[in-house]
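First comes the structure, then the notes that go with it.
Please read all numbers here as calculations on a predicted model, not as lab measurements. Each chain gets a letter, A, B and so on, in the order the sequences are listed, and its residues count up from 1.
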Amino acid sequence: MRPFRYEHAADRAQALQLANGPREATASAHITAPIQYLAGGTTLIDLMKLDVMRPEVLVDINALAGQHGAIRADASGLHLGALARMADAADDLVVRRDYPMIAQSLELAASPQLRNMASLGGNVLQRTRCNYFRDPSWTACNKRHPGSGCAAMDGVNRKLAVLGASDHCIANYPGDFGVALAALGATVDIEGAGGRRVLAFEDLHRLPGDTPHIETNLKPGELITGFTVPAGPWTRRSLYLKIRDRQSYEFALTSAAVALDVEGGVVREARIGLGGLAAKPWRSHEAEAALKGRPLDEAAAHAAADAALAKAAGHGEATFKIELGRRTLVRALLQAHAMEV
Amino acid sequence: MELTLNINGRDHRLSLDPRTTLLDALRDHLGLTGSKKGCDQGQCGACTVHVDGRRILACLTLAAAVQGRPVATVEGLAHGDKLHPMQAAFVEHDAFQCGYCTPGQLMSAVACVHEGHAHDRAAIREHMSGNLCRCGAYPKIVDAIEDAAPKMERG
Ligand SMILES: Cc1cc2nc3c(=O)[nH]c(=O)nc-3n(C[C@H](O)[C@H](O)[C@H](O)COP(=O)(O)OP(=O)(O)OC[C@H]3O[C@@H](n4cnc5c(N)ncnc54)[C@H](O)[C@@H]3O)c2cc1C
Ligand code: SF4
Ligand code: FES
Ligand code: FES
């Protein structure tokens, strides 16, 4: 690991001050800026050991848990502090009852130890697990080195993206919780040197296009302080279905985040996200539209799944994930429909 | 940098490079080699310890980040010659072969019981999935935890 300076921030004001040095203004992306926030460290320390991330200063924000670590639900929705741990949100009784999709997306991720460490803010910023990205002995990776090429394109790419990829990068977004946030139309609270702003969670991550090294619309030095999941008649009838190579402690091959508002067997509204399959946390407005106003039966579920994967394109080994993705969504929809709420 | 780590109830003053992980601080600077380094990447659980009473991975934790917070390692489980009920159950049930994963399994198992996740075999398996065992002692590890859980609850 390369040397770095360790700084401890006592509160948000100090964190923002420590993380907004003179060079942040000219850094090309939040995630590669020379100063990085340290939350649970389960992405950052891992990638620093692998020499993939090379920050010069770490600003430890764990003391901000008092200010930005709460989990609270009210009539407007669910408010999740960025420093809340995955385990805390997964175990919260109100989250489990009223937003089961959120609880399951966290509970089915990583391991108990990692869920005790990892923060919700850091979780949404986790990096792809593309093998070539994680191993700098491969020179060709546009995400690590813009313009260097993409070793995965003709390499081992079984787990990579079939939705939203580009000719420059076919990496998939590996996280689960972000998919649930995208599906439920959450917003993200951001603080920066210039003040506070709120962004739709769907707009936090960018598609790779020809700049896969710029993963989010955060500006260098900006701090995520929390998320709000809006309340809605669909949040209780919701679930997160994750399909993996092994039963536990594994990233998704495919996953489906589904929430339904059903009245007399007919879908009034649906909220649908897909995980493992796409370049960023993916919401399928197409699948939602395909279900609206229809009785939820197998035919409707298949129609929604076809709509969700209509634009999917497989690169080599990952092609099987298109059909697996369809079947995952069909099963998730039928399971959500059968839920007793 | 100068820092104080509180390990198994005792304060230790150390002078460490900021890059030092909690795992390396324990093993290389404090001679506490019970916690094991398997993958060093958060993937195996051999380095599991407790911080503030919660199980975490010492290989992905910077020593600097746990200053002043209580850390518990496998060396602190037994009381003198008296094994912790979980250690006794592991011996009783033959819950290891080579023993390399065992300190991490023990720390994780104790936390699993405290969290209330040891109520049945399926829950134990799911909540112990962060601890890999190359020798495949899994069924006996589950036996040991099932046996130790009520004994721990009795104190
Ligand atoms: C073995 C293993 C298995 C895993 N399995 C899964 C899985 O199945 N599903 C899944 O979803 N995830 C999985 N993960 C990923 C894990 O969930 C993430 O690493 C974790 O959530 C990141 O959170 P953190 O607090 O540790 O982030 P950190 O590592 O501390 O930070 C990550 C990045 O975000 C930045 N950052 C952190 N907090 C903020 C903030 N508030 N504002 C702005 N920037 C911030 C940091 O500067 C850094 O660049 C796994 C990880 C490992 C190691
Ligand atoms: S898929 Fe993306 S992350 Fe993987 S090697 Fe290609 S450019 Fe790098
Ligand atoms: S050594 Fe820490 S998880 Fe493997
Ligand atoms: S006993 Fe050998 S690795 Fe578990």
Largest heavy-atom contact set with chain A, pairs under 4.5 Å, which of B:Gln41, B:Arg125, B:Glu115, B:Met128: B:Gln41
Region of B:Cys59 that comes under 4.5 Å of a non-hydrogen atom in chain A: both
Under 3.5 Å: donor-acceptor pair, side chain of A:Lys49, backbone of B:Asp40: yes
Exam field: side chain A:Asn116 to backbone B:Arg55, donor-acceptor pair closer than 3.5 Å: yes
Region of A:Leu50 that comes under 4.5 Å of a non-hydrogen atom in chain B: side chain
Residue selection (most heavy-atom pairs with chain A, distance under 4.5 Å) from B:Ser108, B:Pro18, B:Gly45: B:Pro18
Contact summary for B:Leu60 and A:Ile45, nearest pair of heavy atoms: O-CG1, 3.8 Å
Atom pair OG (A:Ser111) and NE2 (B:His127), whose distance is rounded to the nearest 0.5 Å: 11.5 Å
Partners passing side-chain contact (heavy atoms from CB on, under 4.5 Å) against A:Ala73 (at least two apart in sequence or in another chain): A:Leu78, A:Val94
Donor-acceptor pair, side chain of B:Arg19 and main chain of A:Met1, under 3.5 angstrom: yes
Selection from A:Asn62, A:Asp60, A:Asp88 maximising heavy-atom pairs under 4.5 Å formed with chain B: A:Asp88
Contacts with chain A made by residues 68-84 of chain B (heavy-atom distance under 4.5 Å), listed by residue number: none
Closest non-hydrogen atom pair between B:Gly130 and A:Pro112, with its separation: N-CD, 4.3 Å
Residue part contacting chain B, namely of A:Ala63, when any heavy atom lies under 4.5 Å: neither
Portion of B:Gln67 that has a non-hydrogen atom of chain A nearer than 4.5 angstrom: side chain
Contacting moiety of A:Arg246, where chain B heavy atoms sit under 4.5 Å: side chain
Short side-chain to backbone donor-acceptor contact, A:Tyr249 and B:Asn131, under 3.5 Å: no
Atom pair CD/CD1 of A:Gln113 and B:Ile56 - distance to nearest 0.5 Å: 9.0 Å
Closest non-hydrogen atom pair, B:Gly42 against A:Leu114: O-CD1, 3.7 Å
